[in-house]
Structure formats: C-alpha cells, structure tokens
Amino acid sequence: MRHTWIIAACSITLAACVTKPPRPDQLRQPPADRLLAFQAPSDGDSTIVVTRDVGSLQSACYMAVFLDGKVVAKLATGEVATFHVPAGDHIVGTWNTGLGLCGYREGEDRREQATILKPGDAKRFRITVNPNSGIEFSPTTL
C-alpha cells in the first residue's frame with residue numbers, strides 16, 4: 001500500500017512539471033536582443049509564430065528557434081515571437097541553448113517541422129517540454 005502512495009506522488013510530481021500553453025495575459029515578447037532575424041515585414045511575406053509554453057521544466061534555459069538552419073530567436077517560457085519570412089518551403093525548429101547546463105546538449109535535442117507557406121499565410125508552432133519525451137515542437141492553433 002505504501003508503494004502505491006509513493007508511485008502516485010511521483011506521478012503527480014512529474015505531471016506538474018509538464019509545460020502548458022500560456023494564457024493570453026502570460027504571453028510576452030522577448031527583448032529585441034533575443035530576436036535575431038526576420039522581424040521586418042515585406043510585401044508578399046508569410047508569417048511564422050512560435051510560442052513557448054509556461055511551466056517549471058527547463059524554465060531556466062532558453063529555447064533557440066531556428067529557420068532553415070539559422071538561429072532566429074531565443075525564447076524564455078511564456079514568450080511568443082513572430083517572424084516575417086518569404087513564401088515557400090521552410091524548416092522551423094528548436095533546441096536547448098544557453099550557458100552552463102542549458103547548453104550542455106545544445107543542438108542534440110533538435111526538433112524540426114517542415115512547412116510550406118503561400119504569400120500571406122500564417123503558421124503557428126508551439127514549444128513544449130515533457131519530462132518523458134523531452135522537447136516537443138509542433139504545429140498548433142493556439
């Protein structure tokens with residue numbers, strides 16, 4: 001019986017670490033020094049919006065956002081970044097980045113998604129951190 005309680009407590013603790021989508025009042029823009037590219041809109045551009053979940057898991061680390069292999073931003077928890085990109089085929093993704101333990105496995109936890117954008121299209125992606133599967137990068141409607 002005691003083992004059942006220990007297992008239940010551990011499960012609840014791990015579940016509490018899973019990140020979740022931020023409420024609108026929690027969303028904030030990263031400072032300009034962490035937005036590295038694709039910030040100025042041009043005629044015929046498309047838009048990619050990347051939101052990082054809130055939660056305590058890996059909250060001390062930034063998540064690098066990259067587009068076609070180039071780092072374009074570094075997001076903290078609850079941040080959202082908008083990128084104005086040319087229409088066409090793109091690979092967008094993320095990985096852990098930062099100093100100390102945050103950069104220990106930099107690039108090894110890379111997650112990517114291919115996307116095709118027509119002029120004027122907007123696509124949204126979400127960065128989630130899960131204690132079981134690690135970093136997740138997926139399309140979202142949020």
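Residues take their numbers from the sequence shown, with the count starting at 1.
Annotation for V85 and L67: closest pair CG1-CD2, 3.3 Å, computed over non-hydrogen atoms. The two atoms that bring A64 and V71 nearest to each other are CB-CG1, 4.2 Å, heavy atoms only. Closest approach of P119 and A87 over heavy atoms only: N-CB, 3.5 Å. Considering every non-hydrogen atom in both V54 and G78, the closest pair reads CG1-CA, 3.5 Å. The two residues A76 and R34 come nearest to each other via the heavy atoms N-NH1, 3.6 Å. Contact between T140 and R126 at its shortest, heavy atoms only, is CG2-CB, 3.8 Å.
Note that CZ of R52 is 9.5 Å distant from CZ of R28, once rounded to the nearest 0.5 Å. In this structure, CD in Q26 is found 12.0 Å from OG1 in T51, a value given to the nearest 0.5 Å. Distance check, rounded to the nearest 0.5 Å: OG1 of T94 to CD of E112 gives 10.5 Å. Going from atom CG of N96 over to atom CE of M63 covers 4.0 Å, rounded to the nearest 0.5 Å. Summarising the geometry, atom CZ belonging to F83 is positioned 13.5 Å from atom CG belonging to D45; distances are rounded to the nearest 0.5 Å.
You'll find the side chain of V129 stays beyond 4.5 Å of the side chain of D53, heavy atoms only. Taking the side chain as every heavy atom from C-beta outward, H84 and T82 approach each other to under 4.5 Å. R110 is listed as a side-chain neighbour of F66, based on a closest heavy-atom distance under 4.5 Å. Inter-residue side-chain proximity for P30 and K74 is flagged as unmet; no heavy-atom pair is nearer than 4.5 Å. The side-chain heavy atoms of F38 and P86, taken from C-beta on, include a pair separated by under 4.5 Å.
Put simply, the side chain of S46 gets close to the backbone of K118: a donor and an acceptor are under 3.5 Å apart. Of the possible polar contacts, one joining the K123 side chain to the I116 backbone as a donor-acceptor pair under 3.5 Å is found. Side chain of Q39 to main chain of A37: a donor-acceptor pair is present (N/O by atom type, distance under 3.5 Å, no hydrogens or angles). Using modelled atom types, one side-chain atom of D68 and one backbone atom of I91 make a donor-acceptor pair closer than 3.5 Å. For the pair R111 (side chain) and I135 (backbone), a donor-acceptor distance under 3.5 Å is present.
Of the candidates L27, L75, V50, V80 forms a side chain to side chain contact (heavy atoms under 4.5 Å, CB included) with just one, namely L27.
Hydrophobic cluster membership differs between L35 and V92, with clusters built from Ile, Leu, Val, Met, Phe, Trp and Tyr side chains linked at under 4.5 angstrom.
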Go through the steps to decide whether F125 and T115 satisfy the test side-chain contact (heavy atoms from CB on, under 4.5 Å), and finish with yes or no.
-> CA-CA 10 Å; F125 296 90; T115 189; 4.0 Å; yes
